[in-house]
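Below, chains carry the letters A, B, ... as their sequence lines are ordered, and counting in each starts from 1. Because the structure is predicted, anything quoted here is derived from the model rather than measured.
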Number of protein chains: 2
Amino acid sequence: MTAEVKPAALRLTERQEARRRRILHASARLASRGGFDAVQMREVAENSGVALGTLYRYFPSKVHLLVATMQDQLQHMHETLRKRPPTEAEPAARVAQTLMRAFRALQREPHLADAMVRALTFADRSVSPEVDTVSRLTTAIILDAMGLADSPTPEQLSAVRVIEHTWHSALITWLSGRASIAQVKIDIETVCRLIDLTAPAPAR
Amino acid sequence: MTAEVKPAALRLTERQEARRRRILHASARLASRGGFDAVQMREVAENSGVALGTLYRYFPSKVHLLVATMQDQLQHMHETLRKRPPTEAEPAARVAQTLMRAFRALQREPHLADAMVRALTFADRSVSPEVDTVSRLTTAIILDAMGLADSPTPEQLSAVRVIEHTWHSALITWLSGRASIAQVKIDIETVCRLIDLTAPAPAR
DNA sequence: CGAGTCACTGGAACTCGTTCTAGGCTAGCG
DNA sequence: CGCTAGCCTAGAACGAGTTCCAGTGACTCG
């Protein structure tokens, strides 16, 4: 019975787990409206039924909160993508297809995307561990799409990093209205060509 | 005589021009110490000898100010690079060399780099025109390095955009301590290979 | 010269992220 | 049963970005 909850050591009571969920939920909801600015800590606290101090105990800053929110969303996305893997044959095309799917998902909640991406790139060193987690999740998604969850070469990892860079930065230009959806698509497809350069063993 | 000053219509008095310079200078100086957080509007105002309200008349927000600071620095960089163009033979290598030079310059003032890059990626739509100027400057620098200041193909422009994405995002990961200098170098070199893919006419 | 206009000044005021304080509730333990 | 430790709440307080306002000085136009 007592062993029913798994994170006994790290994350305490399930009541606390519930609080955490409520907070993340409120955060996402507020973000879905006005974006980064609309996520106000007092509002998040109210909407999730905790005191301001408690909110800060769970997430030491607004950026921490939003990055955690992004983790949460990415996790969903990852699971969804696992269930419906890309249909293309070539690794480059598979990655492009996957990222475009993710992009379309973000388009459905542009304000939420704004809040999360802005937080991610604005994060300073104190948020590094959390940002790193997001980065690892993203890497995993891309590697999955390439069809090599393991055994990537260092060259391939570099290509994946560059793809991630492009992904984040392209999102920002889109969110700030400086690039169109079509442009983002082109950029993604362009960078995915790098994968061909670091092609699977045979091409070497 | 009266034609000596060019921006007669847009930017008024030379006294105003001087104020603007003082503000940008103060901004850069403060940024060189503590980075983004150390650039406090009240301090910038004091240090440049203008009232807070005046500072806001010149730069409608802290982000505007820092993006303008970046414009300023980029302009210097561009001129410097023009004087000492890259020595490599291949376009890809030339671009990589140029960006690594810029990177080394940023390493000399990491706090300033932090302030400028954070502002750039945090900027919202209200700063789009200014951010766009920075982007055009960066594009010009890269095209210069490739050796084709004019007549780039759409394909090449895509590659340049992707290189810019990588450049900004890689800087961020470096600034937030999540990537080493060596890693940034690798990422830059990796993305520059894209140039070979959109090679000059002959290779088509 | 006089009046109006406009940029600039000094400083108060407002917002929102963040921190701090005092007190209350719960849970385990003597 | 009463105590102690921790977590939580309500709310005040502080800091920095941003806005506002009244006043002042300079320049222009009549």
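What separates CG of B/L55 from P of D/dT19 is a distance of 12 Å, to the nearest Å. Here D/dG15 presents its P atom at 21 Å from NZ of A/K62, a figure rounded to the nearest Å. The distance between atom CD of A/E17 and atom P of D/dC8, rounded to the nearest whole Å, is 12 Å. Note: CZ (B/R57) to P (D/dT19) measures 13 Å, nearest angstrom. Rounded to whole angstrom, the span from the CD atom of B/Q40 across to the P atom of C/dG17 amounts to 17 Å. Per the geometry, OH belonging to B/Y56 stands 6 Å off P belonging to D/dG17, to the nearest Å. Distance, A/L52 CG to C/dG17 C1': 9 Å, rounded to whole Å. Nucleotide C/dG17 holds its C1' atom 12 Å from the CZ atom of A/F122, rounded to whole Å.
Phosphate proximity of C/dC8 to B/Y58: present, with a side-chain N or O under 4.0 Å from OP1 or OP2. A close approach under 4.0 Å does not occur between any side-chain nitrogen or oxygen of B/R42 and OP1 or OP2 of D/dA16.
Between A/T190 and the choices B/V160, B/L194, B/L157, the side-chain contact (heavy atoms from CB on, under 4.5 Å) rule is met once, by B/L194. Considering B/R82, B/K83, B/R94 as possible partners of B/D144, the one that fulfils the salt bridge (Lys or Arg N to Asp or Glu O under 4.0 Å) test is B/R82.
The number of heavy atoms from other shown groups lying within 6.0 Å of NE2 (A/H25) does not exceed 12.
Toward the 5′ end of DNA chain D lies the nearest nucleotide of A/T54, the other residue of the pair B/D37 and A/T54 mapping further downstream. The residue among A/P60 and B/G49 whose nearest nucleotide of DNA chain C is located toward the 5' end is B/G49.
Looking at heavy-atom distances under 4.0 Å, B/V39 makes contact with sugar-phosphate atoms alone, never a base. Residue A/R19 is classed as a sugar-phosphate contact, given heavy-atom separations below 4.0 Å to backbone atoms only.
A cation-pi arrangement is absent between A/R19 and A/Y58 under the rule of less than 6.0 angstrom and at most 45 degrees off the ring axis. Relative to the six-membered ring of B/F36, B/K62 meets both conditions, a distance below 6.0 Å and an angle of at most 45° to the axis.
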